[in-house]
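Quick notes on the structure that follows.
Note: hydrogens, waters and symmetry copies are ignored here, and every other heavy atom, side chains too, is used.
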Amino acid sequence: MATDQPDRAVPLRVPVHSETANSDTTNSKGADGEAAASGTGGAVVVPPSVPTSQPASPDPAAVEAAMRRWVERAVIGLNLCPFAKAVWVKGQVRIAVSRARHLDGFLDDLDAELLRLRDTPPAVLDTTLLVHPTLFPDFFVFNDFLDVVDRVVAEHGLEGVIQVAPFHPDFVFEGSAADDIANATNRAPYPTLHLLREDSVARAVASGESAETIVERNIATLRALGPQGWRHLLQDDRG
């Protein structure tokens, strides 16, 4: 379901079944500024700008509903990812809404979702959207946190097995203006880590259009839609 090619999908690093992840872990951040990611066998250094706790999250059902609208109307509806529909209609996409109150709790949820994806047959679960609606309001903080995510994937021995694509309401590609509608290819209603199987990505790319063609079409589609059209697309029709 990742919507852009690798060289464009590098953000500003310079600076179907679904469940709700139930992590409710108390903060175990130590005096040395490290938060342990359970199951990784070691401590993961968290950037100091990443908040360690947040107020109560919105209703997980509402968060999931917004994510479903985004997948169905934008990712699939606009054909931003031509590979998404097949796994979506088969129920092979998991939306996991984290309720972690602290960063270390969210890392526990990431651990759990990585292992679930690793251990579940692709015919049952092909890809996971791990969402946290409140922990990363700032895109640049979220972007810094992706280095931590990469280390967690590596510590589980999943490099080359699972990759993580980031989505954020304020996502900005390197070299792009913040108000460029083309950024919407990686904008989702809430900060999201998209966990993808490398084998599934390779098969999809090999059997479909080139990444360059998809990127060019997506940019043209979004510029024709415009910012107002994008906002209207994701609105809750129930008012």
Side-chain angles (χ1 to χ4, degrees), residues 1-15 21 33 35 37 44-58 60 62-64 66-67 69-71 73-75 78 80-81 95-107 109-110 113 128-153 163-196 215 218-219 222-223 225-231 233-235:
M1 198 178 299
T3 58
D4 233 322
Q5 67 180 12
D7 58 347
R8 181 171 169 78
V10 176
L12 285 168
R13 285 205 175 192
V14 181
V44 175
V45 178
V46 177
S49 56
V50 177
T52 55
S53 64
Q54 285 290 308
S57 297
V63 174
E64 181 182 329
M67 293 298 295
R69 282 195 302 275
W70 171 68
V71 172
R73 298 181 184 181
V75 178
L78 296 180
L80 297 180
C81 178
I95 300 175
V97 181
S98 174
R99 293 186 295 180
R101 296 181 298 171
H102 306 282
L103 183 59
D104 55 336
F106 182 69
L107 287 170
D109 288 341
L110 175 60
E113 295 302 331
T128 298
L129 297 169
L130 176 58
V131 187
H132 201 299
T134 61
L135 197 56
F136 302 100
D138 185 288
F139 167 66
F140 296 101
V141 172
F142 176 72
N143 191 63
D144 288 342
F145 179 67
L146 298 179
D147 289 329
V148 177
V149 173
D150 290 342
R151 288 197 292 272
V152 172
V153 171
Q163 63 174 258
V164 181
F167 292 84
H168 192 279
D170 298 319
F171 194 100
V172 180
F173 286 106
E174 186 173 13
S176 296
D179 60 355
D180 187 345
I181 188 61
N183 293 314
T185 59
N186 279 61
R187 288 186 173 178
Y190 300 101
T192 299
L193 299 178
H194 184 192
L195 315 184
L196 304 107
V215 169
N218 287 348
I219 292 173
L222 289 166
R223 290 194 171 144
L225 182 66
Q228 184 175 352
W230 174 257
R231 289 191 295 270
L233 186 73
L234 301 183
Q235 283 180 348

Evaluate side chain to side chain contact (heavy atoms under 4.5 Å, CB included) for Leu225 paired with Ile181, printing each intermediate quantity in order.
CA-CA 9 Å; Leu225 182 66; Ile181 188 61; over 6 Å; no
Could you measure the distance from the CG atom of Leu196 to the OG1 atom of Thr128? Nearest 0.5 Å is fine.
9.0 Å
Write down the atom of Pro58, the atom of Val63, and the distance for their closest heavy-atom approach.
CG-CG2, 3.8 Å
Main-chain N/O of Phe173 paired to Asn183 side chain as donor or acceptor, under 3.5 Å:
yes
Are any of the side-chain heavy atoms of Leu129 and Val97 separated by less than 4.5 Å?
no
Would you say the side chain of Val153 lies within less than 4.5 Å of the side chain of Val164, judging by non-hydrogen atoms?
yes
Taking all heavy atoms of Leu222 and all of Ala182, pick out the closest pair and write down the distance.
CD1-O, 4.1 Å
Looking at Ala100, is its backbone amide N or carbonyl O close enough to the side chain of Ser98 to form a donor-acceptor pair, meaning the two atoms are under 3.5 Å apart?
yes
For Arg187, all residues meeting salt bridge (charged side-chain N to carboxylate O under 4.0 Å, His left out), sequence neighbours excluded:
none
Residue pair Phe106, Phe136: steps toward the ring pair (Phe, Tyr, Trp, His ring centres under 6.0 Å) verdict:
CA-CA 11 Å; Phe106 182 69; Phe136 302 100; 5.6 Å; yes
Considering all heavy atoms, the nearest Pro169-Pro191 contact:
CD-N, 3.7 Å
Measure from the side-chain N and O atoms of Asn218 to the backbone N and O of Thr185, and report whether any donor-acceptor pair falls under 3.5 Å.
no
Over all heavy atoms of both residues, which pair between Arg99 and His132 is shortest? Give the atoms and the distance, please.
C-NE2, 4.4 Å
Could you go through Leu193 and Leu195, starting from their C-alpha distance and side-chain angles, then the distance that decides it, and tell me whether this counts as side chain to side chain contact (heavy atoms under 4.5 Å, CB included)?
CA-CA 6 Å; Leu193 299 178; Leu195 315 184; 4.3 Å; yes
Can you tell if the side chain of Asn143 reaches within under 4.5 Å of the side chain of Asp138, non-hydrogen atoms only?
no
Output field: ring centroids Phe171/Phe142 closer than 6.0 Å:
no
Could you go through the side chain to side chain contact (heavy atoms under 4.5 Å, CB included) check for Met67 and Thr192 one step at a time?
CA-CA 10 Å; Met67 293 298 295; Thr192 299; 3.4 Å; yes
Would the distance check show the side chain of Arg73 and the main-chain N or O of Leu234 forming a donor-acceptor pair, the cut-off being under 3.5 Å?
no
Arg223 bridged to Asp180 by N-O distance under 4.0 Å
yes
I need the minimum non-hydrogen distance between Trp230 and Leu80, along with the two atoms involved.
CZ3-CD1, 4.4 Å
Distance check, rounded to the nearest 0.5 Å: Thr134 atom OG1 versus Tyr190 atom OH?
10.0 Å
Just so I know, are the side chains of Arg231 and Pro227 near enough to count as touching, which here means a heavy-atom distance under 4.5 Å?
yes
Apply side chain to side chain contact (heavy atoms under 4.5 Å, CB included) to the pair Phe145 and Val149, showing each step before the final yes or no.
CA-CA 7 Å; Phe145 179 67; Val149 173; 3.5 Å; yes
On a heavy-atom basis, the closest approach of Leu110 and Leu130 is CA-CD2, 3.7 Å
